[in-house]
**Q** 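Here it is, the structure in full.
Residue numbers begin at 1 in each chain, while the letters A, B, ... track the order of the sequences. Because only heavy atoms are used, hydrogens play no part in the values below, and waters and symmetry mates are left out as well, while side chains stay in.
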Protein chains: 2
Amino acid sequence: MKSAETIFRQYLKEKGMLVSRQREQVLAAFMKTRNHPTVGDIYNAIRKKNLKIGLATVYRTMSVICDSGLAGEVDLADGLRRFEYKYRHQHHHHLVCIKCGRVIEVTSSRIESLQKKLARQHNFTPARDTMKIFGLCRKCRNRQQS
Amino acid sequence: MKSAETIFRQYLKEKGMLVSRQREQVLAAFMKTRNHPTVGDIYNAIRKKNLKIGLATVYRTMSVICDSGLAGEVDLADGLRRFEYKYRHQHHHHLVCIKCGRVIEVTSSRIESLQKKLARQHNFTPARDTMKIFGLCRKCRNRQQS
DNA sequence: TTTAGTGCAAAGGCTTTGCAGATGT
DNA sequence: ACATCTGCAAAGCCTTTGCACTAAA
C-alpha cells in the first residue's frame, strides 16, 4: 500500500504543483503529531528542528494536504483550525475533555445509521457529519474529586 | 409560565446588573430572529429600526443572555459566534444545508442514549454534546438537479 | 449620587493575501 | 528558463478591551 508521502507527491504532480522542501516538511510534521494539531503546532514542530519555514506556508500547505484527501479539518470548538489524519482512517466521532483537551476517537455504526435515517426523514442529503461529546476524561474526573 | 423577558430581568436583578434599554433591545431582537443569528445579525436588526446601539454592546449583552440560560452558543462551522434560544427548548441536533445555510433541528432519543453509552464505555463524563449533519436540504438538492 | 453600562476606537488573535525574491522541474 | 512557491509584512475578520461619557436606581 502506498505511503502518505507517495500519495502526496502524486497528488502534487497531477495538479502541476511542485514538490518543495517545505511541503514535505509540513506533511512529515503533521503525520508525526498526535491528536489534532493546529497550524501553529505544526509550525512550531518544524521550527524546533531549526528548519526555516514561514507561518503562511504552513497555512497554505495544510490546505493543500486537505485537498489531497490526506487530512481533514476538525472543529474542536476552540476557534482554531485543527486537522486530523484521514488516509485509511475510518469515520469517527470525538470525546473532547474540557479540562485537559484530550480527544478520544470513537466509532459507532449504530449512530451512523441513525444519522442516515434522520437525514432521510427530513428530505436531507447528508454529505458529512460531526458528533462531539464534551466532558471530563477519566483522569480529569478523578483529579477533580481529590 | 414566565416570559423570557421576565426571566431576564430577574436574572439581571439577582446579579446586581442594570436593566438597560440596550439589553432589552438585544433580547427582543434575538428572540425575533429565526434560526441561529450572529452578533452581526442582531446588531443589524436593531440598527434597521433606527435604534442606536454599539456592536460591542451586542457582544457583551449576548454573553449575558447566554449566562442567564436563555440562549446558548451554536457552532455552525462558519467561524462565527451564533446563538440559539434555549429556554423551554429541548436538546436537539442540526442538519445544516451547505448551500443555503438553512438549519433543521432534529431530536433523537436513541442517539442520545447511544452517546451516553459511548461515553460510559470510555470512562468519560459527558457534559454537553453536539451533532451536526452537513448536506443539502430538499430545495437545494432539487435546484441542483435542474 | 453612585455604580454599572455604553459607545467608540484601539487592540487582539487567527488566517489570508500581495508581491518580490527564491526554488523546483 | 519559467512557472510555481516561499517568506515577509500587510491586510482582513471577527471579537474583546480600555476608557471617558451616559444612564439606571
Side-chain angles (χ1 to χ4, degrees), chain A residues 5 8-30 36-47 49-68 71-83 101, chain B residues 5 8-30 36-47 49-68 71-83 101:
Chain A
E5 286 78 3
F8 190 47
R9 275 190 224 106
Q10 286 186 348
Y11 175 82
L12 293 174
K13 292 255 165 70
E14 257 170 42
K15 298 279 176 182
M17 301 171 90
L18 307 182
V19 177
S20 67
R21 173 180 63 73
Q22 289 88 336
R23 284 185 177 152
E24 299 202 309
Q25 284 172 357
V26 171
L27 180 64
F30 165 61
H36 302 82
T38 62
V39 169
D41 292 338
I42 294 165
Y43 174 75
N44 290 328
I46 298 174
R47 280 287 173 127
K49 301 190 176 176
N50 292 311
L51 301 173
K52 201 164 168 293
I53 199 168
L55 187 55
T57 301
V58 182
Y59 272 100
R60 286 185 283 227
T61 305
M62 284 313 299
S63 295
V64 176
I65 295 177
C66 286
D67 292 345
S68 79
E73 303 204 11
V74 218
D75 184 347
L76 258 36
D78 60 357
L80 271 56
R81 212 178 150 188
R82 292 182 175 276
F83 304 89
Chain B
E5 286 78 4
F8 190 46
R9 274 189 226 107
Q10 285 186 349
Y11 174 83
L12 293 175
K13 291 256 164 71
E14 258 170 42
K15 298 278 176 181
M17 301 171 90
L18 307 182
V19 177
S20 67
R21 173 179 63 74
Q22 289 88 336
R23 285 187 176 150
E24 298 202 309
Q25 284 172 359
V26 170
L27 180 63
F30 166 60
H36 302 81
T38 62
V39 169
D41 291 338
I42 293 165
Y43 174 75
N44 290 328
I46 297 174
R47 280 288 174 129
K49 299 191 176 177
N50 292 312
L51 301 173
K52 200 164 169 292
I53 198 168
L55 187 55
T57 301
V58 182
Y59 272 100
R60 287 184 283 227
T61 305
M62 284 313 299
S63 296
V64 176
I65 295 176
C66 286
D67 292 344
S68 79
E73 302 204 12
V74 218
D75 185 347
L76 258 34
D78 60 358
L80 271 57
R81 212 177 150 190
R82 291 181 176 276
F83 304 89

**Q** Using every non-hydrogen atom in the two residues, find where B:Gly54 and B:Tyr43 come nearest and quote the distance to one decimal.
**A**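 That closest heavy-atom pairing would be C-CE1, 3.8 Å.
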**Q** Could you work out which one of C:dT6, C:dG24, D:dA9 sits closest to the side chain of A:Arg21?
**A** C:dG24
**Q** Looking only at side-chain atoms of B:Arg47, point me to the closest of D:dC5, D:dA25, C:dC8.
**A**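 Taking heavy atoms from C-beta onward, the closest nucleotide is C:dC8.
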**Q** Distance check needed: D:dT15 C1' versus B:Arg82 CZ, whole Å only.
**A**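 Spelled out: CZ on B:Arg82 to C1' on D:dT15 is 15 Å.
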**Q** Please state how far atom OH in B:Tyr43 lies from atom P in D:dC14, giving the value in whole angstrom units.
**A** 13 Å
**Q** Return the CD1 to CD1 distance between B:Ile53 and B:Ile42, rounded to the nearest 0.5 Å.
**A** 9.5 Å
**Q** Would one find a side-chain N or O of B:Tyr59 under 4.0 angstrom from OP1 or OP2 of D:dT15?
**A** yes
**Q** Using whole Å, report how far CG of B:Asp75 lies from P of D:dT15.
**A** 11 Å
**Q** To the nearest angstrom, how far is A:Phe8 atom CZ from D:dC5 atom P?
**A** 10 Å
**Q** Between C:dG7, D:dT16, D:dT6, which nucleotide has the shortest distance from any of its atoms to the side chain of B:Lys52?
**A** C:dG7
**Q** With a non-hydrogen cut-off below 4.0 angstrom, is B:Arg60 in contact with a base, only sugar-phosphate, or nothing?
**A**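 Touches a base.
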**Q** In whole angstroms, how far is the C1' atom of C:dG5 from the CD1 atom of B:Ile65?
**A**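 From B:Ile65 CD1 to C:dG5 C1': 14 Å.
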**Q** Which residue, A:Thr61 or B:Ser63, contacts DNA chain D at a nucleotide closer to its 5' end, judged by nearest heavy atom?
**A**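 That would be A:Thr61.
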**Q** In whole angstrom, what separates A:Gln25's CD from D:dT6's P?
**A**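 The answer, rounded to whole Å, is 10 Å.
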**Q** Look only at the side chain of A:Arg81 and the backbone of A:Val39, and say whether a donor-acceptor pair between them is shorter than 3.5 Å.
**A**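 Looks like no, no N/O pair under 3.5 Å.
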**Q** So if I take every side-chain heavy atom of A:Met17 and compare against C:dG7, D:dG7, D:dC5, which nucleotide ends up nearest?
**A** D:dC5
**Q** Grab the CD1-C1' distance between A:Ile53 and C:dA22 for me, whole Å please.
**A**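 Atom CD1 in A:Ile53 sits about 14 Å away from atom C1' in C:dA22.
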**Q** Taking only the side-chain nitrogens and oxygens of A:Ser20, find out if one of them lies under 4.0 Å from OP1 or OP2 of D:dT6.
**A** yes
**Q** Measure from the side-chain heavy atoms of A:Leu18 and tell me the nearest of D:dT6, D:dT17, C:dT25.
**A**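 The answer is C:dT25, which lies nearest to the side chain.
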**Q** Just to confirm, is there a sub-4.0 Å distance from OP1 or OP2 of C:dT23 to any side-chain nitrogen or oxygen of A:Gln22?
**A**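 Indeed not, no polar side-chain atom of A:Gln22 lies that close.
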**Q** For the pair A:Ser68 (side chain) and A:Ile65 (backbone), establish whether a donor and an acceptor sit closer than 3.5 Å, ignoring hydrogens and angles.
**A** yes
**Q** Taking the side chain as every heavy atom from C-beta outward, state whether A:Met62 and A:Glu73 have any pair of such atoms under 4.5 Å apart.
**A** no
**Q** Can you tell me which nucleotide in D:dT15, D:dA25, C:dG7 comes closest to the side chain of B:Arg81?
**A**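 Closest of the options to the side chain of B:Arg81: D:dT15.
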**Q** Looking only at non-hydrogen atoms, find the nearest pair between A:Leu76 and A:His36 and report the distance.
**A**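 Taking every non-hydrogen atom into account, CD2-CB, 4.2 Å.
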**Q** To the nearest angstrom, how far is B:Arg23 atom CZ from D:dA25 atom C1'?
**A** 13 Å
**Q** With side-chain contact (heavy atoms from CB on, under 4.5 Å) as the test, would you mind laying out the steps for A:Gln25 and A:Lys49 before giving the verdict?
**A** CA-CA 11 Å; A:Gln25 284 172 357; A:Lys49 301 190 176 176; over 6 Å; no
**Q** Five pairs per end, C1' atoms only: what is the angle between the end axes of the helix from C:dT1-D:dA25 to C:dT25-D:dA1, to 10 degrees?
**A** 30°
**Q** Quick one: are B:Asp41 and B:Arg82 in side-chain contact, heavy atoms under 4.5 Å?
**A**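 Heavy-atom side-chain distance check passes, below 4.5 Å.
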